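These notes concern the structure reproduced below.
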Amino acid sequence: MRILFSKKMKKLLLATVAATLWLPTISVQAAEDFVGDNENQSSKENLTMYDEEDLAGNKLNIESGDYNMIYGGGGEASAEDSKNNEIIFRGDTANGIFGGMSTTGNVFGNKLYIRGGRVVGGIIGGVAYFPYDTDGSAGDVYGNLVEVDDGTINFVSGGEVAYTYPNSGSFTLDTTQERFFSGGNVHDNQVIINGGTIENGIIGGASIAGKVYGNQITINGGTIYGQIIGGEVRYPNANSDITNNSIHIYGSPNLENAELIGGLLGSEYYAGNNALHIYSSGITAKSINGFGSLVFHVPGTHINNNSSQMLTLTNGSTSLDNVNFSVFVPGNITLNKDDTLNLIKNANGLELSSGSSADVEETEIYNGKIIQGTTLSYDLDLQVSNDASSLGGTVNGNSPVKTEVATNLPTPAPLPVVILDTPIIPPIDDPINSPVDNTVESSEEEGENDRAQSHDVARINRGLEVFLDIGGSHIRSKTGDGSHTTADMQNYTLGAGRILSNQASSDYFAPIIEHHTGDYDTFFGNGKKGNGNVKYTAGGVIGRHTQKNNGLYYEGSFRAGRSENDFSCDEFVVENVPVHVDYSMSAPLYTGHVRFGQIKALVPGKISCDIYGIYAYARQNGMGTDLSSGEHVDFDSIYAHRFKVGYRMTTRTNNSKLYGGLAYQYDSSSSSTAHGNNWDHTVSGASGSSFMVEMGWHYQPTDRIPLMVDVYATGWLGYHRGGTAMAKIRKAF
């Protein structure tokens with residue numbers, strides 16, 4: 001007979017707990033009193049660590065001692081949110097441990113780490129303990145974590161919405177009281193079992209009548225008895241639902257006395273889209289029920305191995321009605337036609353849709369899928385053995401089909417675009433801030449302007465200028481096939497320039513070292529999102545030639561370095577199964593530009609105008625990488641072009657300048673192709689127009705402050721959207 005966990009909750013949480021369990025409550029102690037007092041834990045026996053006024057952010061590290069109830073924050077009478085509490089428990093004993101507890105408040109972000117000891121009752125990441133005879137609704141319980149490494153525990157739950165008895169008198173639970181059943185959703189809680197013994201089952205999340213979804217149980221080891229339930233609604237109504245709960249089994253845990261249940265709605269199993277994931281062969285359990293999907297992550301050694309099963313069941317017959325099967329093999333495994341896999345065995349029989357298991361003869365019951373890595377999908381013919389005791393699959397000879405991952409796998413295309421979105425040239429990239437525009441205007445300037453120019457002349461004569469640029473940007477850019485990337489970048493450039501000047505012209509030359517780093521989000525055309533980070537370190541040179549008589553100039557740069565790109569996405573879906581994909585790669589990256597312009601003095605000594613045109617180019621070499629799912633992918637080289645025309649107006653005021661400008665820009669990037677095992681996918685290049693507005697302030701050195709400082713910002717609309725900010729510091733020697 002199934003025992004509801006709600007009955008255990010009553011035993012643990014009601015005021016009579018002290019009388020029913022062997023450790024008495026002798027005092028009430030604020031949780032904060034135990035923070036940082038680990039040395040004296042062993043002397044604090046039989047204490048209830050509990051403070052209803054202190055619900056958030058408590059951290060308890062319990063090395064030893066015997067305790068009644070341990071609360072990270074909140075309690076049975078708390079009505080505020082209980083959140084972000086953390087408990088590490090190593091022993092010796094406790095009646096119950098709760099990360100957070102509230103009545104009508106939300107309970108979220110609490111963490112329990114059990115490293116050893118004995119818990120007579122249970123451990124729960126978060127509890128909304130709703131008074132039955134109180135108006136209102138229960139809070140939600142979400143985002144709590146329970147991790148067990150060792151110890152002996154009665155039961156484990158990621159999150160619960162439970163109820164209390166009335167304060168007095170007897171009562172019968174009235175399930176028609178909708179007031180009582182409002183609220184109380186339980187979602188996205190996690191239970192991780194690495195070791196230890198769980199005596200009476202595990203629940204990912206359970207509610208009275210709310211929605212229970214996204215809870216996950218991960219079992220890596222240990223010994224577990226009883227029911228392992230992904231999600232449960234104990235007294236369902238029309239609004240109740242159990243979806244997307246999952247159980248993941250790795251390694252070699254002892255589950256021989258455990259029942260695996262995806263969803264439990266009242267007293268009925270509820271499959272929905274709750275899923276069981278098996279990651280290793282040789283797992284044995286009593287039964288499986290309430291799963292809409294069975295997902296087998298088959299190790300390579302299990303293919304064509306007729307002596308082992310992925311999952312063996314021992315308790316009664318097993319129904320496979322309306323179950324979706326998906327089978328994943330590592331991406332570095334080669335699949336061949338008629339390769340076989342043994343998936344499930346139950347000596348008591350496997351029930352088919354007809355409800356009978358007696359007369360099955362090699363009946364094909366499903367056309368399943370087998371996925372190689374995450375990028376290729378094959379047909380898998382699933383069959384039940386003659387005696388209806390086992391289910392296996394045979395790889396169909398049909399050509400594989402690219403999955404969503406292969407058709408949406410982001411290429412390194414965003415990187416050159418990101419690099420080009422930063423200022424192209426270090427401090428000398430601004431002609432009107434270099435000695436040339438001072439030369440053009442010098443014949444008209446007097447007073448303070450003459451003194452400012454004298455510092456520029458000194459700078460020229462001394463011939464060496466050390467500069468540092470520090471900047472950041474937030475830019476949204478298109479990347480092809482309807483996708484776009486939003487990048488937050490930081491960039492640093494260090495260089496030392498030398499100026500060679502004569503009566504007719506001046507030349508500037510500087511070696512530079514630059515480093516760009518940042519994070520990006522990739523938004524695919526299908527609405528999904530990935531994220532990553534990029535790094536680019538390079539060395540190069542810049543140079544400029546200026547004609548003093550007419551203000552004409554031209555400049556150029558070349559930089560060579562190496563880019564690094566890390567990407568991760570949890571939103572891909574392969575055959576209705578969410579999958580995680582990540583990869584890291586590195587490749588040479590080359591960038592360069594040329595710029596032509598002319599500076600005109602509109603108001604001699606006061607206002608000048610720079611009209612310019614720029615062409616910039618970036619090329620990232622091809623690269624190869626291994627996806628987290630095992631397969632190797634090669635990316636072709638990609639390149640990007642940029643054309644820009646604009647003007648900048650500058651006004652001089654004593655030792656400083658104010659400037660602003662407008663520009664039009666056109667970007668074009670090449671197509672990028674990814675090559676996998678028996679598949680190719682090309683992402684078309686993107687192109688488009690952008691408009692830029694800029695404003696800045698430039699300070700020229702004086703005797704008191706012998707530094708040149710330039711601060712400016714830009715804003716973008718169109719193909720690129722966002723803004724950049726930059727600070728430049730130069731010192732002449």
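In this text, all values refer to a predicted model and were calculated from it rather than measured experimentally.
- Judged by distance alone, the side chains of Y378 and Q372 do bring a donor and an acceptor atom under 3.5 Å apart.
- With sequence neighbours excluded, the residues forming a side-chain contact (heavy atoms from CB on, under 4.5 Å) with N678 are L376, listed by chain and number.
- Side-chain atoms of D636 and H675 form a donor-acceptor pair, as typed in the model, at a separation below 3.5 Å.
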Identify all side-chain donor-acceptor contacts of residues 330-341 below 3.5 Å with residues at least two apart in sequence or on another chain.
unit_1: D339; atom_1: OD1; unit_2: N304; atom_2: ND2; d: 3.2
unit_1: D339; atom_1: OD2; unit_2: N336; atom_2: N; d: 2.8
unit_1: T340; atom_1: OG1; unit_2: N304; atom_2: OD1; d: 3.3

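- Classified by interplanar angle (parallel below 30°, tilted 30° to 60°, perpendicular above 60°), the ring pair F524/F572 is tilted.
- Annotation for D634: atom CG counts as buried by contact number, over 12 foreign heavy atoms lying within 6.0 Å.
- Counting heavy-atom neighbours within 6.0 Å of K345 NZ, excluding the residue itself, gives a total above 12.
- Under a 3.5 Å cut-off, the side chain of N185 and the backbone N or O of K211 do form a donor-acceptor pair.
- Residues that satisfy the side chain to side chain donor-acceptor pair (under 3.5 Å) test with S308, not counting sequence neighbours, are H302.
- Looking only at atom types and distance, the side chain of H516 has no donor-acceptor partner in the side chain of N491 under 3.5 Å away.
- Scanning for side-chain contact (heavy atoms from CB on, under 4.5 Å) contacts around H297 gives H277, Y279, V295, F328, with sequence neighbours left out.
- Side-chain contact of S557 with H593: a donor-acceptor pair under 3.5 Å is present, judged by distance alone.
- Among residues two or more places apart in sequence or in another chain, the side chain to side chain donor-acceptor pair (under 3.5 Å) test is passed with D149 by R115, N194.
- Residues that satisfy the ring-ring contact (aromatic ring centres under 6.0 Å, His included) test with F291, not counting sequence neighbours, are absent from this structure.
- With hydrogens and angles left out, the side-chain atoms of S326 and E575 include no donor and acceptor closer than 3.5 Å.
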